[in-house]
Amino acid sequence: MQDSEFHDEVDGIFDEIELGIDELEDDVDVDSSGGVLTLTFPNGSAAIFSRQVANHEIWIAAKSGGFHLHKDGEHWFCGLTKESLEQIVHRVFVEQLGREVTIL
């Protein structure tokens with residue numbers, strides 16, 4: 001994958017997360033700048049999504065820990081937990097928002 005393709009794909013993922021948050025009734029604050037997407041939840045906790053261009057990974061820092069995701073075929077996976085991006089985003093929202101939501 002070329003760097004430009006990586007940026008385009010991650011931009012799309014971050015946009016999709018933002019759109020999902022816009023649909024929520026909860027007041028989740030979103031800050032997107034410099035390739036980093038920071039979500040601040042009503043309880044004050046945060047989740048940080050960042051792009052790591054050098055190794056074409058998405059890193060997520062959240063209450064439950066840090067996750068490094070790489071693209072395997074058509075999907076993004078964490079090498080350590082073997083969870084997909086969708087599963088990790090779901091887990092982050094359950095842990096930090098306190099309820100089930102569908103974002104991705």
Side-chain angles (χ1 to χ4, degrees):
M1 173 184 315
Q2 299 294 321
D3 287 352
S4 61
E5 294 171 305
F6 171 75
H7 282 293
D8 289 345
E9 186 154 347
V10 174
D11 285 344
I13 291 167
F14 286 7
D15 288 346
E16 192 173 343
I17 291 170
E18 286 189 64
L19 288 173
I21 291 169
D22 286 344
E23 298 296 319
L24 297 177
E25 295 175 11
D26 305 277
D27 186 24
V28 177
D29 184 48
V30 177
D31 179 36
S32 180
S33 64
V36 177
L37 180 66
T38 303
L39 311 178
T40 305
F41 294 87
N43 65 5
S45 67
I48 301 165
F49 294 72
S50 63
R51 65 185 80 212
Q52 303 301 313
V53 180
N55 50 6
H56 290 172
E57 291 184 340
I58 298 171
W59 289 7
I60 302 171
K63 193 175 189 176
S64 57
F67 306 94
H68 296 187
L69 294 98
H70 64 278
K71 191 163 185 189
D72 185 10
E74 293 296 314
H75 303 282
W76 290 87
F77 288 96
C78 176
L80 182 62
T81 67
K82 307 301 184 216
E83 291 172 285
S84 69
L85 173 64
E86 292 82 2
Q87 290 170 317
I88 291 173
V89 169
H90 180 262
R91 178 177 7 156
V92 165
F93 273 81
V94 167
E95 291 173 349
Q96 295 187 230
L97 191 56
R99 67 181 186 86
E100 298 275 333
V101 296
T102 301
I103 298 296
L104 291 176

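Basis for what follows: all heavy atoms, side chains included, without hydrogens, waters or symmetry-related copies. Position 1 is the first residue of the sequence, and the numbers go up from there.
Closest non-hydrogen pair, Phe6 versus Glu57, comes out as CZ-O, 3.4 Å. Taking each heavy atom of Trp76 and Glu9 in turn, the nearest pair found is NE1-OE2, 3.0 Å. For the pair Gln96 and Ala47, the tightest heavy-atom approach, listed with the atom from each and the gap, is NE2-N, 3.9 Å. Considering all non-hydrogen atoms of both residues, Gly65 and Phe67 come closest at O-CE1, 3.6 Å. Here the shortest heavy-atom pairing between Val92 and Ala62 reads CG2-CB, 3.7 Å. Closest approach of Lys82 and Gln87 over heavy atoms only: O-OE1, 4.3 Å.
Listed by chain and residue number, nothing satisfies the ring-ring contact (aromatic ring centres under 6.0 Å, His included) test with Phe14 (two or more places apart in sequence, or in another chain). Not counting sequence neighbours, the partners of Glu83 by the side chain to side chain donor-acceptor pair (under 3.5 Å) test are Thr81, Arg91. Taking the ring-ring contact (aromatic ring centres under 6.0 Å, His included) definition, one finds that Phe93 meets it with Phe41, sequence neighbours left out. Residues satisfying the side chain to side chain donor-acceptor pair (under 3.5 Å) criterion with Asn43, sequence neighbours excluded, are Ser45. Qualifying salt bridge (Lys or Arg N to Asp or Glu O under 4.0 Å) partners for Glu86, counting only residues two or more places apart in sequence or in other chains: none.
Between the side chain of Gln52 and the main chain of Trp59, no donor-acceptor pair closer than 3.5 Å is present. Not a single donor-acceptor pair under 3.5 Å links the side chain of Glu100 to the backbone N or O of Val94.
The closest side-chain heavy-atom distance from Ile60 to Leu85 is below 4.5 Å. For the pair Asp26/Arg99, a side-chain contact is recorded, criterion being any heavy-atom separation below 4.5 Å from C-beta on.
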* Please assess Ile58 against Val10 for the test side-chain contact (heavy atoms from CB on, under 4.5 Å), listing each intermediate value before the final yes or no. => CA-CA 8 Å; Ile58 298 171; Val10 174; 3.9 Å; yes

* To do: Please step through side-chain contact (heavy atoms from CB on, under 4.5 Å) for the pair Leu24 and Ile103, ending with a clear verdict.
  => CA-CA 9 Å; Leu24 297 177; Ile103 298 296; 3.9 Å; yes

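Taking NE2 of His90 as the reference point, atom CG of Leu97 lies at 10.5 Å (rounded to 0.5 Å). In this structure, Ser32 OG and Asp11 CG are separated by 8.0 Å, a value rounded to the nearest 0.5 Å. Here the CG atom belonging to Asp3 is positioned 9.5 Å from the CD atom belonging to Glu5, to the nearest 0.5 angstrom. The structure places CD of Gln2 at 11.5 Å from NE2 of His7, a figure rounded to the nearest 0.5 Å. Leu37 contributes atom CG, which lies 6.0 Å from atom CD1 of Ile17 (distance to the nearest 0.5 angstrom). Atom-to-atom distance recorded for Leu104:CG and Glu16:CD is 5.0 Å, nearest 0.5 angstrom.
A single hydrophobic cluster is not seen to contain both Leu19 and Leu39; linkage of ILVMFWY side chains at heavy-atom distances under 4.5 Å, directly or through other members, places them apart. No continuous path of hydrophobic side-chain contacts links Phe77 to Met1 [ILVMFWY only; heavy atoms under 4.5 Å].
Hydrophobic side-chain contacts under 4.5 Å tie Val36 into a cluster, directly or through other members, with Ile48.
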